[in-house]
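In what follows, a structure is listed as structure tokens, so that the remarks can point back to it.
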There are 2 protein chains.
Amino acid sequence: MRTKITLKHIAKELGVSISTVSKALKNSEEIGRETKEKVQAFAKLYNYRPNNVAISLKNKRTKNIGVIIPDIVHYFFTTVFRGIEQYANKQGYNVIVCVSDESFDKEVINMEMLANGSVDGFIMSLSAETQKKNDFNHLKEITDQGIPLVLFDRVTNEIECDKVLINDKEAALFAVNKFIENGRKKIALITTEDYFSVSKAREAGYREALSASNIQVDESLIMKLPFMEVDKDALKAFFTNNRLDAVLCVNEIFAIHGMNLVQKKGVKVPEDIAFIGFTDGILSKYANPGLTSIAQHGEKMGEVAAKMLIEKIEDEKEDEEVTYRTEIIETTLIERGSTIN
Amino acid sequence: MRTKITLKHIAKELGVSISTVSKALKNSEEIGRETKEKVQAFAKLYNYRPNNVAISLKNKRTKNIGVIIPDIVHYFFTTVFRGIEQYANKQGYNVIVCVSDESFDKEVINMEMLANGSVDGFIMSLSAETQKKNDFNHLKEITDQGIPLVLFDRVTNEIECDKVLINDKEAALFAVNKFIENGRKKIALITTEDYFSVSKAREAGYREALSASNIQVDESLIMKLPFMEVDKDALKAFFTNNRLDAVLCVNEIFAIHGMNLVQKKGVKVPEDIAFIGFTDGILSKYANPGLTSIAQHGEKMGEVAAKMLIEKIEDEKEDEEVTYRTEIIETTLIERGSTIN
DNA sequence: AAAAGCTACGCAAACGGTTTCGTGTTAATA
DNA sequence: TATTAACACGAAACCGTTTGCGTAGCTTTT
């Protein structure tokens with residue numbers, strides 16, 4: 001078992017000092033040609049690589065970024081992560097992922113764990129519980145220490161930092177307008193409890209679209225499902241109690257459930273009822289009929305978030321006060337069989 | 001902007017030495033009661049946390065584990081990652097994820113990047129390209145250096161290390177037997193090129209099941225699709241050219257594609273043709289009809305892999321020679337509408 | 001031949017901790 | 001009163017690098 005070789009080993013073996021070895025490997029002008037060659041040859045032979053941890057300590061830079069997301073087994077977050085990882089890697093950064101599991105405590109613990117020097121900055125999306133509690137002290141701690149933070153998708157106004165969002169409201173508005181253009185009138189919204197920043201925005205878009213077309217918003221057509229658990233009976237009741245033309249859902253799962261439900265009753269999609277969901281994930285693509293959905297371009301979001309973060313990390317001007325940006329990623333409506341034939 | 005406080009700061013502020021502070025915070029017997037209280041109070045007040053990087057350097061332990069997977073936007077890998085992350089976190093480890101993107105070069109680069117002290121061990125699943133090239137020198141490097149490595153799912157016999165697998169062959173055999181029990185005879189297999197360890201094992205199970213029931217294996221019923229790109233036309237041709245009873249697919253996507261294709265032609269699932277896929281993912285659950293599939297219990301796999309890795313990492317007996325295990329995670333057949341009504 | 005200038009290298013501090021060992025002070029013992 | 005033990009703390013080494021600065025030894029200049 002060859003153990004990792006260090007500068008010290010090389011120095012001892014070659015009878016020179018550690019600093020000479022270090023400089024020789026960096027091709028420093030200070031070191032003579034022969035010595036450099038000797039050292040470099042030896043280093044290559046024994047496959048010397050500098051120890052990342054030591055370098056991190058020296059530079060006070062880990063070249064790691066921390067990503068804290070509520071869930072990883074979830075198409076949207078996965079794609080965002082993909083974007084982050086790709087961009088970060090290109091810039092020589094590694095990514096440490098922690099899953100908060102929608103739990104406030106886990107979110108806090110994970111942040112604290114990573115904040116003690118393990119990462120140079122954070123990219124995160126708030127857990128459901130955090131949004132419900134409205135407690136952001138852990139984020140405040142981080143930013144107060146000058147550690148860069150980028151929030152995406154599930155954000156809060158309480159914290160000043162860079163943010164990446166989609167145009168939730170406009171996307172919902174656009175989708176509802178699409179329904180209206182096609183002559184649909186009884187348009188429902190299936191959403192989550194509204195402590196979610198995104199759900200709130202989407203609902204606003206829904207309402208605005210209806211109002212703009214002089215359609216009275218019927219509160220009974222807005223269904224709020226508890227987060228992450230689809231109450232099938234409630235959903236069934238919702239569909240039997242209401243004669244609907246169209247349904248906008250804040251995620252894929254709600255939409256697929258809805259489609260399966262009505263189709264089982266012989267209602268035709270899209271002839272009798274149309275569906276649009278948020279998140280253009282794998283389910284939308286393979287559903288039958290395909291689900292028209294609002295693509296959030298998670299990979300792009302991740303890339304932008306990573307870029308913003310790394311810029312902040314590598315920006316040296318710690319003296320001047322920092323400014324924060326909010327980037328909006330435009331959504332795209334991907335039309336499939338659930339709205340058109 | 002409060003900057004991170006160090007032992008040195010506390011020491012200077014309190015007029016004691018750094019070592020005294022360090023010991024006081026560890027509640028060492030060596031330090032007097034008063035001093036300890038003073039130091040601890042001060043540390044708490046200023047929210048002192050030891051710098052992880054410094055500790056890593058001292059201990060030669062990072063408490064990080066590296067996970068290298070071919071793809072993250074992929075249900076199975078995501079669930080495995082979930083299992084790894086959960087277990088690792090419970091044990092105080094963080095997880096650095098690198099995506100090889102099915103590329104040999106990226107796999108190598110990622111490994112080398114992390115191997116220089118950034119992680120204490122690796123969990124990985126081989127990229128497609130690596131399996132095709134059959135080049136495992138980068139893994140050899142790692143194990144030669146005594147860095148623990150656990151391979152899962154896509155493994156190789158060329159490397160001696162811990163492994164976590166599913167009983168691919170038996171699962172395929174079981175599934176095919178299921179078809180046969182139901183009176184199906186013309187049973188097809190849709191798989192990938194066979195440089196994949198898993199595909200090979202599944203094909204073996206398929207063949208064995210048929211042979212055991214004295215059904216001649218019809219080579220034309222075995223379709224090998226190039227990896228990751230479903231050739232729709234080839235698939236369509238396959239289904240029109242063969243009158244099939246049942247199809248076993250090595251993944252969800254192939255199965256869903258198949259189902260959608262035959263259903264579009266008016267063929268009834270499961271009456272005329274039954275489908276079983278590997279990976280009990282989100283698609284299987286929401287397909288119409290639901291896809292019967294072989295659950296690989298990714299989360300369990302991840303947990304087991306993480307456990308094996310951390311045991312190796314924390315096992316001090318570096319003098320004795322190490323032994324390697326291969327753990328098999330049993331699969332479960334989840335029956336849905338694609339095989340039964 | 002003395003002064004100056006290079007060349008090529010080593011020393012030591014620094015990053016932020018942990019830990020072993022030594023030591024000054026006081027209190028207990030002979 | 002001299003000896004010793006206990007106590008409470010500090011100095012220093014160490015983990016692996018980087019880097020500013022000092023300097024020995026040689027060459028060049030005048």
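Order of the sequence lines sets the chain letters (A, B, ...), proteins ahead of strands, with each chain counted from 1.
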Any idea which of C/dT19, C/dC15, C/dC9 is nearest the B/Lys23 side chain? C/dT19
Check every strand shown and say whether B/Ser56 touches a base, only sugar-phosphate, or nothing at a heavy-atom separation below 4.0 Å. nothing
A/Ser19 side-chain proximity, nearest of C/dT18, C/dC15, C/dC11: C/dC11
So what does B/Lys58 hit on the nucleic acid, given a heavy-atom distance under 4.0 Å: a base, only sugar-phosphate, or nothing? base
Tell me whether the centres of the aromatic rings in B/Phe104 and B/His138 are closer together than 6.0 Å. yes
Charged N to carboxylate O under 4.0 angstrom, B/Glu327 versus B/Lys300? no
Sugar-phosphate only, base, or nothing, as touched by B/Ser22 at under 4.0 Å among non-hydrogen atoms: base
Is any NZ, NE, NH1 or NH2 atom of the basic residue among B/Arg33 and B/Glu37 found under 4.0 Å from an Asp or Glu carboxylate oxygen of the other? yes
Using a strict 4.0 Å threshold on nitrogen-to-oxygen distance, state whether B/Asp120 and B/Lys312 make a salt bridge. no
With nearest nucleotide decided by heavy atoms, which residue, B/Arg33 or B/Leu57, maps closer to the 5′ end of DNA chain D? B/Arg33
DNA chain D contacts among residues 36-49 of chain A, heavy-atom distance under 4.0 Å: A/Tyr48, A/Arg49
Does this structure show an ion pair linking A/Glu102 with A/Arg154, if we count only N-O contacts that are shorter than 4.0 Å? yes
Using a 4.0 Å heavy-atom cut-off across all strands, classify A/Val53 as base, sugar-phosphate, or nothing. nothing
Identify the 5'-most and 3'-most nucleotides of DNA chain D with at least one atom closer than 4.0 Å to a non-hydrogen atom of chain A. D/dC15 to D/dC21
